[in-house]
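What follows is a set of notes on a single structure, which appears directly below.
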Amino acid sequence: MLLRNAARTHGRHPAGTGLRAGALAVVVAAALVSCTQASSGGGPDANAARTVGSVENADRAEREAGEAEPAAAPSPGPALVRDAFATLQATLNETCTPGAGDCAYFLGRVTRELTELDESMRADTKGPGHFKEPLADLKALFDKVGDDRSEAHLEKHFSEIVGTRDGITAWMQAHPDDYR
């Protein structure tokens, strides 16, 4: 008793108090587990069976999903039209001077951004009919420019490339639901 009282006078609790608290926590936890199992309709064996069944079902579902996946990449959705338009808009404050040798990057980038916007509009869930005007403008541009992406060739079509970019930007801004 003397040791116990000495420990209390120095602000410390004897080890027996900690053990009693730990034992009480174990008893309460066991009671909660028992109540939970009773209310859920099963004990440890039922939980194990459910876990094994769930894992087997998840494995089977994953295998079936893997078999059903198409080999082709998924087509772009509406968010991609927004993203493609955002990258095109990033070129609005850029320009070059045809003949000065500084147009390769700028015209190549604008042409690439227009190509990506064309592809995303065609694949959009709203259908190409929704983007009829910008797709017609893009087709006219691509028919003129063709496949040649050399700086000299793109410089010849500078006005058409920049004009198409600006026209599509105006159309998209009049249709904010397509890019916001």
Would you mind writing out the side-chain donor-acceptor pairs for residues 161-177 within the sub-3.5 Å range, not counting sequence neighbours?
unit_1	atom_1	unit_2	atom_2	d
T164	OG1	E160	O	2.7
R165	NH1	T91	O	2.7
T169	OG1	R165	O	2.9
H175	ND1	W171	O	2.7
D177	OD2	K126	NZ	3.2

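Between atom CZ of residue F85 and atom CD of residue E116 there is a gap of 14.5 Å, rounded to the nearest 0.5 Å. Between H157 atom NE2 and D148 atom CG the span is 8.0 Å, to the nearest 0.5 Å. Atoms CG and CD, on L114 and E119 in that order, are 11.5 Å from each other to the nearest 0.5 Å. Taking CG from D137 and NZ from K132, the interatomic distance works out to 12.5 Å, rounded to the nearest 0.5 Å. Expressed to the nearest 0.5 Å, how far OG1 of T95 lies from CZ of F106 amounts to 5.0 Å.
Considering only heavy atoms from C-beta on, M121 comes within 4.5 Å of L117 through its side chain. Taking the side chain as every heavy atom from C-beta outward, L154 and R149 approach each other to under 4.5 Å. Residues L92 and Q89 are in side-chain contact: their nearest non-hydrogen atoms beyond the backbone lie under 4.5 Å apart.
S120 approaches V81 most closely through the heavy-atom pair O-CG2, 3.4 Å. The minimum heavy-atom distance linking F131 with P134 is given by the pair O-CD, 3.2 Å. Residues P128 and R122 share a closest heavy-atom pair of CD-O, 4.1 Å.
In this structure, the side chain of T111 does not engage the main chain of G108 through any donor-acceptor pair within 3.5 Å.
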- Step by step, would you call L107 with E151 a side chain to side chain contact (heavy atoms under 4.5 Å, CB included)? CA-CA 8 Å; L107 291 174; E151 181 178 10; 5.9 Å; no
- Kindly determine whether D118 and T115 satisfy side chain to side chain contact (heavy atoms under 4.5 Å, CB included), including the steps that lead there. CA-CA 5 Å; D118 178 77; T115 300; 5.6 Å; no
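Residue pairs meeting the disulfide (SG to SG under 2.5 Å) criterion with at least one member in residues 99-157, sequence neighbours excluded: C96-C103. Listed by first and then second residue, the disulfide (SG to SG under 2.5 Å) pairs involving residues 138-177 amount to none (not counting sequence neighbours).
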